[in-house]
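Every chain is numbered from 1, with letters handed out A, B, ... down the list of sequences. Since the structure is predicted, the reported quantities are computational estimates derived from the model, not experimental observations.
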Number of protein chains: 8
Amino acid sequence: MYIVIVGAGDIGMPLIDIATRSGNEVVVIENDPERADRVAGQYDCLILNDDATAHDTLQDAGIEKTDALISTTDRDPTNIMVCLLAQEHEVPNIVSVVHDPEHMNVFRQIGVNTMENPQELIAEYLYRAVARPAIVDYMRIGEKAEVFEITVTENAPIDGKTLIEAADDDLLPEDVLIVAIEREGEDPPITPRGNTRIEADDLLTVYSAFGAEPTLTDVFGHPEDRAE
Amino acid sequence: MYIVIVGAGDIGMPLIDIATRSGNEVVVIENDPERADRVAGQYDCLILNDDATAHDTLQDAGIEKTDALISTTDRDPTNIMVCLLAQEHEVPNIVSVVHDPEHMNVFRQIGVNTMENPQELIAEYLYRAVARPAIVDYMRIGEKAEVFEITVTENAPIDGKTLIEAADDDLLPEDVLIVAIEREGEDPPITPRGNTRIEADDLLTVYSAFGAEPTLTDVFGHPEDRAE
Amino acid sequence: MYIVIVGAGDIGMPLIDIATRSGNEVVVIENDPERADRVAGQYDCLILNDDATAHDTLQDAGIEKTDALISTTDRDPTNIMVCLLAQEHEVPNIVSVVHDPEHMNVFRQIGVNTMENPQELIAEYLYRAVARPAIVDYMRIGEKAEVFEITVTENAPIDGKTLIEAADDDLLPEDVLIVAIEREGEDPPITPRGNTRIEADDLLTVYSAFGAEPTLTDVFGHPEDRAE
Amino acid sequence: MYIVIVGAGDIGMPLIDIATRSGNEVVVIENDPERADRVAGQYDCLILNDDATAHDTLQDAGIEKTDALISTTDRDPTNIMVCLLAQEHEVPNIVSVVHDPEHMNVFRQIGVNTMENPQELIAEYLYRAVARPAIVDYMRIGEKAEVFEITVTENAPIDGKTLIEAADDDLLPEDVLIVAIEREGEDPPITPRGNTRIEADDLLTVYSAFGAEPTLTDVFGHPEDRAE
Amino acid sequence: MYIVIVGAGDIGMPLIDIATRSGNEVVVIENDPERADRVAGQYDCLILNDDATAHDTLQDAGIEKTDALISTTDRDPTNIMVCLLAQEHEVPNIVSVVHDPEHMNVFRQIGVNTMENPQELIAEYLYRAVARPAIVDYMRIGEKAEVFEITVTENAPIDGKTLIEAADDDLLPEDVLIVAIEREGEDPPITPRGNTRIEADDLLTVYSAFGAEPTLTDVFGHPEDRAE
Amino acid sequence: MYIVIVGAGDIGMPLIDIATRSGNEVVVIENDPERADRVAGQYDCLILNDDATAHDTLQDAGIEKTDALISTTDRDPTNIMVCLLAQEHEVPNIVSVVHDPEHMNVFRQIGVNTMENPQELIAEYLYRAVARPAIVDYMRIGEKAEVFEITVTENAPIDGKTLIEAADDDLLPEDVLIVAIEREGEDPPITPRGNTRIEADDLLTVYSAFGAEPTLTDVFGHPEDRAE
Amino acid sequence: MYIVIVGAGDIGMPLIDIATRSGNEVVVIENDPERADRVAGQYDCLILNDDATAHDTLQDAGIEKTDALISTTDRDPTNIMVCLLAQEHEVPNIVSVVHDPEHMNVFRQIGVNTMENPQELIAEYLYRAVARPAIVDYMRIGEKAEVFEITVTENAPIDGKTLIEAADDDLLPEDVLIVAIEREGEDPPITPRGNTRIEADDLLTVYSAFGAEPTLTDVFGHPEDRAE
Amino acid sequence: MYIVIVGAGDIGMPLIDIATRSGNEVVVIENDPERADRVAGQYDCLILNDDATAHDTLQDAGIEKTDALISTTDRDPTNIMVCLLAQEHEVPNIVSVVHDPEHMNVFRQIGVNTMENPQELIAEYLYRAVARPAIVDYMRIGEKAEVFEITVTENAPIDGKTLIEAADDDLLPEDVLIVAIEREGEDPPITPRGNTRIEADDLLTVYSAFGAEPTLTDVFGHPEDRAE
């Protein structure tokens, strides 16, 4: 793809890293000379040290043949102006970071794809790290359901049981599913069957229609997570 | 919990929001007077406008009874100093944001829990939004496996088929699992059985041992994702 | 009317002056504290010293009952964000200053009324003051036609002639019209008839289908205007 | 003409644009290096990055052969000093922007032509755009008279009538004159006669000795303009 | 007198000191808050912390009843604007510091009294202190004549001689006059007669039609002044 | 002479001008790069853009062969340090500007020649210009005596009188002396005798043992100077 | 004592700490408001937030009754001005920090006691910490002699020997003296006699006329110190 | 040794001076370009103008072969991060300046050698210079004992006595030892015997188990030191 990235700040930099490593043709527009220099020194891409809200800059960036434009500056008004100009040039794929959640609507209204609450995403991860340390990673499904990764501790209720035994002991309610088991020496993860036996230190991917409730995480041996 | 949050910047602010909303007792330490004022005006928590690397400040923050400290400033050296001081006061749960990936090791060495590459996380999401627009959300499982959310388009190969029919047609390989189905009017998501029929506009949660490969996303009707 | 004015800078200030003097209910949003203070001290209006791109500020400004919003900040991205938010609140009448002419299109595209090239307007007036000093004021009609004010000098070809005499002498082509005559001691301006006599020092309002051409301004006694 | 323009700010830039496009020999004096560079890159003129209140600078600018000098800086004291120095060098045509209306007198006193209230001009236009949206453009004649452009709406009282009929119906008072009619496909504008018929969508140039009063604009079908 | 002093900088401060000590009613206008505060704390006068080029400020300063206005800011354009406004208010006595010697003419042209080259005055004194250290103080009379103060050294040619003897010995040419003699214990200075005897350590006030030439200063015992 | 001038500010610049024009070998030390450049571009002298309180700088300036050093920076501490270092290098002639009158003593104590109160000197001149406008120039002799220049107005008591007549009429007290008369067309000034007649418009150099008292200035026709 | 400390920076702060703790009456003069506030909040002393080179400030500080003044600002010119003013007020004891070693002479010349090279002192300690880590503390005596503290390591040549035995074994040359022995549980340090036995872990105070040479430090078991 | 010095500020500069003069291979890391330039111009060492907390910088500095790293920046968090990174690279000898005494513990905890209170060291010296001016230099031994240098004044009690006589007269208590005598013309210092005679102006190195008490300094003729 031919990708234009606007802004080479805290978010723009790793984005440039990913986009160039993935073999795309990348153009970066960054107004600040120091940041622009830093990009030029590190990545193999065209870097324009200019104002992205100026037509000339977008022209120079090759906006006519751009497949995707990602606006990552830390000012929402700048991001929206850039997106509108990109729309004018009929860029097929436009994404923007949005800093003030109350501006989400405006971006949607003009039809721009947005990254929902980047800082909140990080904040949520940090919070979980102290509030639910047993949960290694997770993903929300709708309002309450969750897929999450959790390690089985020694002597946890489920330790040493097959899935069928676990279900028989009422350890796993109906709307909970063990999706995958990461286990030392096994790659890819094990896709569990009824007779697959759960062991201590297994890293489970679990789906729960009601989320990672304490009653559920207890099953995997993390009573401390109830402390919240 | 009694939580001390150091830094009320881009990451600290939503963290304070989550932590206070979750009913914790929260103390915020922020050196910048403007930011400190902003917190004071918005959240119900103790806010100290002071240098978190000074013992007196930590004392005032009630460091002795703190359950968890989260350091979110944008300077790694400050974060590490804060974490070391927190260790000196035997705070049981210490987490820090780390900005330079090469500093990860140092934090680990002194035994501090870290948030891995916050900006990279956002950058990855943004990149996916343009590179694989069909994937609504996703979570990596180990090296290659993934859980992801994807919408079924009208006339997609799987549209109108039951899971059994889909398997019969070799649409879903063995190590792929439809974990849940979000459908207009259904809450919680449907836990699919063999005879559950997939419909256009269903938002599927899918587990794939080999990730969201184009051959797989094609099944749900997103050939454009092959363009990467 | 209930008018919200965003920005109290070089353009915003006289606008506030006009809008309050005309008996409207005016709310001013200005981010800079000094400017906000200056307004508060001078005009009878509500002044909000806040960021106009924040929903709370617009709420406080009474956006729901606003008849018209005029955005006058010197940053186009800020103006466009403000206009989009005003649209979200269904403000019936939205106008914005636009600084970069190349941004005109974007404002039009989202349906916002704009002030065309404010600086260019002034620049044009200044230029005319040196290039055509005889023209006191003027207004363009379509591409080439103009209405303009011009003083009659002593001994100008038209000095002392009635309109009929002037026409007879071929001084006034067919598509030129003397619209009004401002003369010392006459108020309102004289609406000229065929037998109205033009005198030196009359300030004429003239319509010309081909503009204020030198051949025409000569008639009123301003040969120097040919020097351009 | 040989024109010296002092200041390349918001007003100076479009002035340079007009003056160079009109084929004059233009010299620009701008103290700020960045602005000076911007001009140098965009226009074909001599640009001096220097203090215009220094004799040397004016000498370099060719003040001895200058036909007109226009001072556009945003500081009135600088403008007046520049104008006085230009008078010393007997520049025949000197114009200045004046920012503080109370300084007008001082400029007049030393015999310098001024641009009356540039910001107020813009402000007035903006205000009209919300207060009298039907008026497309206008020009004040003396205290109360006005020439203005207005569109005829479908079913307006005057729609479909000749000027004579309109007069008969008392739609147009005596001191109101339809000066010109811009109509799709007609160029130049039509100079109306008594039997010229007004149609919807005509853009009329109207002279009114008592201004664009609501009773008058009603005739052209804009009752909403009464809302002021 | 009722005196308005504009500017409380390096020159303004001692001026305020002199003017208040001499029993005048003094008003000071100074834009810089720190400087304004310093004046307020030290002198018994009205101090306005405001822009002297604004009519309101001058009004507040009582410009209508002002006997004299002295403008001492370090910007010539500001000084000239202040002087022009003072002229508008018919202040009878207006003086200004001028920094750029090439602006002298402009001040003269508008009829403002100026302080000629303040820095040059100091520079000249400093230079004399190293170039002609024997000259304690001096005043130029026309092009070449000078009145100067000089000390008589022990064994100088004139030491111990009466004025008549000095003239007889051709020590004092015809167009040189000993105006006064300051001598320890004598107050006021001695007005010399023909038989007054000059002594070592006398501080003489000398008038010379050809200035303080080395041949003349030698007479008072300062051969080193020839070194220039 | 070989002169080192420290500081190229408001006082240093004209000093450099005088010193170079008088044919001396001049070295300038100025810390500020902009000021140093300005000197380099204007005067024929060695300019060191460096800190004058560093031994190396003084060495580079040729301190060992310096005849005179003049310190003109606007910081007394810097001036005193420079003077002390110059003493260490046995510069024979050292002069310094002193800004705070209370520092005079300290400079004297270490044996440095000083310029007494530069700003006060200017302030005094300015004050005189408004308080005693008749006095064109003047020089203090001891506590009260003065030499001053004053113009004779038409019809002044002394107008048309010889010195003897003036003395007879008691116009000139005993301790007042007309030292010289500058008169249109006479060069050098006239050295007056008893029968020299004073005329209107003569510019007199007058010595008065009791200063330029109103009773005395009245004689030359300046009653307005009594207004003080 | 009544002590005036000028400057509350990096050196001034701990000095204020020592001086107040030792029961002196302390006055601090610090120009920077923030620093002044910090002192006011921490120490029991009079703090003047003012310029120490102003007579008024010194007066307020009670300079007339001051026993000692210590100038610690980081600008040598300021320090020297303060010291000269203190001399003028006959402060009996004046000490100053000197930053540029080449200014030492000037301070000595005016008779001010100085702290020799404070930063160099620290630098030397730091350097020793890496170059001769065995030396705990040390003091230079004249050019080469040193008193130093060193720990005896297990199995060092001197470990377990009496001083007489050590001398007999030629371990301690004649001009080396064990001055004191700090040993766990002994307070004050042991004053050694001929039969005092040296033990491992003793912290010895050693005098050596030829310094802490490697041949000598070897005796106490630190061969690694030879590595320099 | 191969030494890396981080920071070229007030402490870093003289350290670089010592380290390079002592023949080590020195690498300096300094973030500030001006400081880096200053080092480059003065010392023969590798200078990296970069952030020392970045792995690349340490790599460039040759961290793998470094014998000792000394961190001298004025920010403790930066110092600690640098030290942790140096530990990661197994630098054998790591020393840091610590600014906040309360951070000492943290440095110790991670096993880094520190310079104890550099500013306090200087402050103590300064204080002694005014509080005990007789003490030329000194070194603390444990809690109370001291080695100090003191000059013998004329007619001091010990002046002219041998050590035995002094002991007989009870001038020197048992736990006081004259360690060395610096005397004009003697080099190295004299190692005193019982019959060595003390003379006025001798600079004695004295060990006292109870410190430099006034009763002891009296013996050497400094009663004024009691004044504290």
Checklist line | Largest heavy-atom contact set with chain F, pairs under 4.5 Å, which of E:Val136, E:Leu203, E:Thr72, E:Ile70 | finding: E:Ile70

Next item on the list: Output the option from E:Ala68, E:Pro188, E:Pro189, E:Ala209 having the highest count of non-hydrogen pairs under 4.5 Å with chain F.
Entry: E:Pro189

Proximity breakdown for [X] and chain E, heavy-atom pairs closer than 4.5 Å:
X: F:Ile3; result: side chain
X: F:Ala145; result: side chain
X: F:Leu177; result: side chain
X: F:Ala19; result: both

Notebook entry, point to check: Just wondering, do F:Asp137 and E:Arg140 contact through their side chains at under 4.5 Å, heavy atoms?
Noted result: no

Notebook entry, point to check: Do the side chains of E:Thr191 and F:Glu174 get nearer than 4.5 Å, heavy atoms only?
Noted result: no

Margin query: Against E:Tyr127, only a single residue in F:Ile5, F:Asn24, F:Asp17, F:Ile16 fulfils side-chain contact (heavy atoms from CB on, under 4.5 Å); can you say which?
Written below: F:Asn24

Notebook entry, point to check: Out of curiosity, F:Glu146 CD to E:Met139 CE, how far, rounded to the nearest 0.5 Å?
Noted result: 9.5 Å

Notebook entry, point to check: What is the distance from atom CD of F:Glu149 to atom CD1 of E:Ile141, rounded to the nearest 0.5 Å?
Noted result: 4.0 Å

